[in-house]
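Below is one structure, written out as structure tokens, with a few remarks after it.
Note that the structure is a prediction, hence the values are computed from the model and not measured.
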Amino acid sequence: AMNKSEIFNFLNANQVFHLATVEGNKPHVRGLLLYKADENGIIFHTGKMKDLHRQLTENPHVEMCFNNGNFENLIQIRVSGTVGLVEDLELKKEIVEKREFLKPWVDQMGYEFLAVYRMKKGVATIWSMTTNFTPKEFIEL
């Protein structure tokens, strides 16, 4: 099994993840790009004009699914928990500084449109081909 810091390392090394939300009784899933994961939480962003932002505002319960993209030795980590909107201008500036593709948006609409979310106290479960049929273990992050 992995410990917390190994899980954070895995998430940061495999930044494309899928996020599931629930709207009413209908599930929605989409691919996103992780900003960072550490002891302070798992951080990602979207736009305030997006359905995702509206869904998270109405229901902050989500599950994230990360994998290493290696079919021969597939490892998948799912993290479930609740997310919260983070209105921190310094953090938004840091994200935009590192993500060139956001700059034209910010120039046009300002930082206000950027919705930054953080999951704290998520619970992770790890799946791999070798542990396919063993009972799930849950690791608190």
- Before giving the answer on side-chain contact (heavy atoms from CB on, under 4.5 Å), spell out for Asn67 and Leu74 the whole-Å C-alpha distance, their side-chain angles and the decisive distance to 0.1 Å. CA-CA 7 Å; Asn67 77 72; Leu74 194 67; 3.9 Å; yes
- Message: Taking side chain to side chain contact (heavy atoms under 4.5 Å, CB included) as the criterion, tell me which of Val86, Thr46, Thr82 meets it with Tyr117.
- Response: Thr46
- Message: With heavy-atom distances below 4.5 Å as the criterion, would you say the side chains of Leu141 and Ile7 are in contact?
- Response: yes
- Answer whether the closest heavy-atom distance between the side chains of Leu33 and Arg99 falls below 4.5 Å. yes
- Please confirm whether the backbone N or O of Glu137 pairs with a side-chain atom of Thr125, one donor and one acceptor, at under 3.5 Å? yes
- Hey, what's the ring geometry for Phe17 with Phe44, parallel, tilted or perpendicular (30° and 60° as the breaks)? perpendicular
- Okay, side chain of Thr131, backbone of Trp127: is any donor-acceptor separation there less than 3.5 Å? no
- Find out whether Asn70 and Ile75 are in side-chain contact, i.e. whether some heavy atom of one side chain is under 4.5 Å from a heavy atom of the other. no
- Message: What verdict does the side-chain contact (heavy atoms from CB on, under 4.5 Å) test give for Arg30 and Lys50, after you've listed the backbone C-alpha separation in whole Å, the side-chain angles of each residue and the deciding distance to 0.1 Å?
- Response: CA-CA 12 Å; Arg30 83 283 291 151; Lys50 303 259 192 177; over 6 Å; no
- Query: Do the charged groups of Lys103 and Glu100 touch, with an N to O distance under 4.0 Å?
  - Reply: yes
- Got a donor-acceptor contact below 3.5 angstrom from the Asn14 side chain to the Phe66 backbone? no
- Flag the pair Glu97 / Lys93 as yes when at least one side-chain heavy-atom distance between them is below 4.5 Å, and no otherwise. no
- Item | Donor-acceptor contact below 3.5 Å, side chain Arg118 vs main chain Asn40 | yes
- Could you tell me whether the side chain of Thr21 reaches within less than 4.5 Å of the side chain of Asn59, counting heavy atoms only? no
- Item | Ion pair check, Glu87 and Lys92, cut-off under 4.0 Å | yes
- Item | Qualifying residue for side chain to side chain contact (heavy atoms under 4.5 Å, CB included) with Tyr35, from Ile42, Asn12, Ile43 | Ile43
- Student check: side-chain heavy atoms of Val116 and Asp88 closer than 4.5 Å: no
- Counting only heavy atoms not in Met109, do more than 12 sit closer than 6.0 Å to its CE atom? yes
